[in-house]
Amino acid sequence: MIEKERKGINYFVRNDREAQLVDMVEHFASRFAERAALHDAEGSFPFGNFEELKAVGYHKLPLPKDLGGDELSLYELVLLQERLARSDGSTALAMGWHMGIMLNLRTTREWPEALYTSFCREVVEHDAMINKFDSEPATGSPSRGGKPQTTAEKTTDGWKISGRKTFSTLSPILNHFVVSASIAGEDRVGQFFVRKSDRIRIEETWDTLGMRATGSHDLILEDVFVPDDGLIKIVDLANRHTLNKDTGWLLHIPACYLGIAYAARDIAVQYARKYQPNSLSAPISSLPHIQDQIGRMEVELKTARTLLYSVADRWDRDVRGRQSLKTELGLAKYVATNAAISIVDKAMRIVGGASLFRKMPLERMYRDVRAGLHNPPMEDAILRDLAHTALKEWE
Ligand SMILES: Cc1cc2nc3c(=O)[nH]c(=O)nc-3n(C[C@H](O)[C@H](O)[C@H](O)COP(=O)(O)OP(=O)(O)OC[C@H]3O[C@@H](n4cnc5c(N)ncnc54)[C@H](O)[C@@H]3O)c2cc1C
């Protein structure tokens, strides 16, 4: 499979290490793809997929080598997550949050060192995973800078946190979370490392159009105690954006949606090669309008992938310039998520009415890619950023 991909479209695999990494995911691919339909129909969390990924140490890959990881590069993360999403978008997006956060923590070392090393140990020794829960009903996307309604109140030896987080992806299997909360009575926001306890409840609210198996339920915290060493940092509300300065790790998001689109493209191309209605003397792949649609899918897929991988590679190599890549990172996300929506749409047009049936994964992919529009960074912010950059050139 890898050999075939190397010769064909997947020329983004550059060396043996990357080939081996992709091979690892390839090993699960067909099983995850088979389970995806059931989890989507039930809206159930794919616990088994995560067990399998943990069994091969997938969740440890981004950690530093001296702490038991493999120092996954951003390029490699994109490669793996895209491949995972070709099998199951929900599993990829959910896993991507943990993988991206661990890559981000390794490259920024922005957590207090003792907290970081002890959590890495939990990942390596106890298969711990993590995600950030920032979204809330009143703030909407945290990228807008709204004030969290979740509050953190100082106690003698720590903090008491109460509130509700929405869109809490991975919540069914996590024992550790990063939670943002307003410091009670102040215009400051803190980031806290929270351990699961009986003061945390999950309300199963995640019944959505797409990405139904990500377990992105509501997380309710009721006077949850966090010791002083669980405080990651506090910033003024006006500087809330500085809680996440380096956004390279968010490329796991476009990688996921492009992976889904890539799978839809494969299905459509294979279908077109085989399907021959009795009005034709050859499969529909011989028809000019079908070839035209396939050509257009290729333009979008190859353009978006080229941009995504080139930005990831630049981020890996240009360590000092990472912060200035924000515009390019946003552009890659914008192009990938919109291309994904358009590619799945074209794939369904090629297949025709058969694409509407649930026994084919295309209708699930059509719903799943839609969610990309509502993951960060948001489209209007990306476009504004691009516009400002262009206008600044002439200042
Ligand atoms: C599949 C999936 C998984 C997710 N996983 C997580 C997760 O693990 N952790 C997490 O914290 N979040 C997660 N999210 C939530 C995500 O980050 C957003 O918070 C959520 O999708 C809401 O964003 P929104 O833009 O639709 O909402 P809102 O911010 O409520 O926006 C609604 C509308 O109003 C506009 N709008 C609102 N405020 C402004 C403003 N200030 N300026 C301009 N326009 C504005 C928006 O453009 C949009 O059109 C996930 C989302 C999805 C879809």
Side-chain angles (χ1 to χ4, degrees), residues 39 42-51 53-54 59-60 90-91 93-95 97-98 101-102 105 111-112 114-139 142 147-186 188-208 211-234 243:
H39 290 300
E42 294 177 344
S44 54
F45 191 79
F47 290 100
N49 294 353
F50 287 86
E51 285 311 312
L53 287 163
K54 284 179 177 182
H59 61 308
K60 302 174 192 170
S90 280
T91 298
L93 188 71
M95 193 70 194
W97 290 113
H98 164 82
I101 289 169
M102 294 315 296
L105 294 180
W111 276 17
L115 181 62
Y116 176 65
T117 50
S118 84
F119 184 64
C120 284
R121 250 195 315 277
E122 299 220 35
V123 176
V124 172
E125 291 168 15
H126 304 292
D127 291 336
M129 286 176 57
I130 200 156
N131 192 8
K132 287 187 190 184
F133 298 146
D134 287 328
S135 299
E136 296 190 5
T139 58
K147 183 175 181 174
Q149 302 295 291
T150 299
T151 54
E153 207 175 310
K154 188 75 186 89
T155 65
T156 43
D157 51 353
W159 299 84
K160 237 190 227 173
I161 301 183
S162 299
R164 175 187 284 261
K165 296 293 179 184
T166 48
F167 295 93
S168 304
T169 301
L170 271 178
S171 57
I173 53 163
L174 293 187
N175 290 318
H176 310 83
F177 334 95
V178 176
V179 164
S180 51
S182 296
I183 308 302
E186 298 183 24
R188 295 195 302 158
V189 180
Q191 219 177 30
F192 298 87
F193 175 82
V194 178
R195 288 175 187 277
K196 196 170 182 182
S197 70
D198 56 6
R199 294 197 163 273
I200 294 179
R201 279 188 297 121
I202 292 170
E203 214 174 278
E204 296 201 352
T205 47
W206 191 248
D207 182 11
T208 47
M211 288 302 191
R212 290 174 51 76
T214 55
S216 306
H217 303 297
D218 284 13
L219 188 87
I220 296 139
L221 305 100
E222 288 161 334
D223 286 337
V224 175
F225 177 71
V226 173
D228 277 327
D229 60 8
L231 171 67
I232 296 168
K233 62 178 130 165
I234 296 183
L243 283 174

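- Of the N and O atoms on the side chains of Ser180 and Lys132, not one donor lies less than 3.5 Å from an acceptor on the other residue.
- Counted by atom type alone, His176 and Glu122 present one or more donor-acceptor pairs between their side chains at under 3.5 Å.
- A distance-only check finds no donor-acceptor pair linking the side chain of Trp159 to the backbone of Gly230 [under 3.5 Å].
- In terms of heavy atoms, Ser216 sits closest to Trp206 at O-CE3, 3.1 Å.
- Residues Met129 and Phe50 form a side-chain contact, since some pair of their non-hydrogen atoms from C-beta on lies under 4.5 Å apart.
- The CZ atom of Phe45 sits 9.0 Å away from atom OG of Ser90, with the distance rounded to the nearest 0.5 Å.
- Between the side chains of Thr205 and Asp218, at least one donor-acceptor pair of N or O atoms lies under 3.5 Å.
- Side-chain contact between Thr151 and Ile161 is absent, with no heavy-atom pair separated by less than 4.5 Å.
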For this session: Take Phe225 and Thr155 through the side chain to side chain contact (heavy atoms under 4.5 Å, CB included) test and state the conclusion after the steps.
Result: CA-CA 9 Å; Phe225 177 71; Thr155 65; 3.8 Å; yes
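- Considering CD1 of Ile202 and OG of Ser171, their distance stands at 4.0 Å, rounded to 0.5 Å.
- Checking side-chain atoms of Ser162 against main-chain N and O of Asp223 turns up a donor-acceptor pair under 3.5 Å.
- Using modelled atom types and a 3.5 Å distance limit, the side chains of Asp127 and His59 yield a donor-acceptor pair.
- Between Pro46 and Ala213, the closest heavy-atom pair is CD-O, 3.0 Å.
- At least one side-chain heavy atom of Leu53 sits less than 4.5 Å from a side-chain heavy atom of Thr91.
- Judged by distance alone, with hydrogens and angles left aside, the side-chain atoms of Lys196 form no donor-acceptor pair with the main-chain N or O of Ile200 at under 3.5 Å.
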For this session: Could you check Lys54 against Asn49 for side chain to side chain contact (heavy atoms under 4.5 Å, CB included), going step by step and ending with a plain yes or no?
Result: CA-CA 9 Å; Lys54 284 179 177 182; Asn49 294 353; over 6 Å; no
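- One side chain, Glu136 or Thr150, offers a donor N or O that lies under 3.5 Å from an acceptor on the other.
- Residues Val189 and Ile234 have side chains not in contact (no heavy-atom distance under 4.5 Å, counting atoms from C-beta outward).
- In this structure, the side chains of Phe177 and Asn131 stay at 4.5 Å or more apart for every pair of heavy atoms.
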For this session: For Glu222 and Arg201, run salt bridge (Lys or Arg N to Asp or Glu O under 4.0 Å): C-alpha distance rounded to whole Å, both residues' side-chain angles, the deciding distance at 0.1 Å, then the answer.
Result: CA-CA 8 Å; Glu222 288 161 334; Arg201 279 188 297 121; 3.3 Å; yes
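- With Thr169 contributing its side chain and Ala94 its backbone, the two residues share no donor-acceptor pair below 3.5 Å.
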For this session: Kindly determine whether Met102 and Val123 satisfy side chain to side chain contact (heavy atoms under 4.5 Å, CB included), including the steps that lead there.
Result: CA-CA 10 Å; Met102 294 315 296; Val123 176; 4.3 Å; yes
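- Side-chain atoms of Thr139 never come within 3.5 Å of backbone atoms of Pro142 as a donor-acceptor pair (strictly under, hydrogens ignored).
- Checking side-chain atoms of Ser182 against main-chain N and O of Ala184 turns up no donor-acceptor pair under 3.5 Å.
- Looking only at distances, a side-chain donor or acceptor of Ser168 sits under 3.5 Å from a matching main-chain atom of His217.
- Atoms OG and CZ, from Ser135 and Phe133 in turn, are 10.0 Å apart once rounded to the nearest 0.5 Å.
- Looking only at atom types and distance, the side chain of His39 has a donor-acceptor partner in the side chain of Ser44 under 3.5 Å away.
- Among Val178, Leu170, Leu174, the single residue meeting the side-chain contact (heavy atoms from CB on, under 4.5 Å) criterion with Ile130 is Val178.
- In this pair, Phe119 and Trp111 present their aromatic rings tilted. The plane angle is within the 30 to 60° band.
- Within a 6.0 Å radius of CD in Glu204, other residues, nucleotides and ligands contribute 12 heavy atoms or fewer.
- By the neighbour-count criterion of 12 heavy atoms within 6.0 Å, atom NZ of Lys147 is densely surrounded, having more than that number from other residues, nucleotides or ligands.
- Remark: Arg164 engages Glu203 in a salt bridge, criterion side-chain N to carboxylate O under 4.0 Å.
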For this session: Carefully, step by step, assess Lys165 and Val179 under the rule side chain to side chain contact (heavy atoms under 4.5 Å, CB included).
Result: CA-CA 8 Å; Lys165 296 293 179 184; Val179 164; 3.7 Å; yes
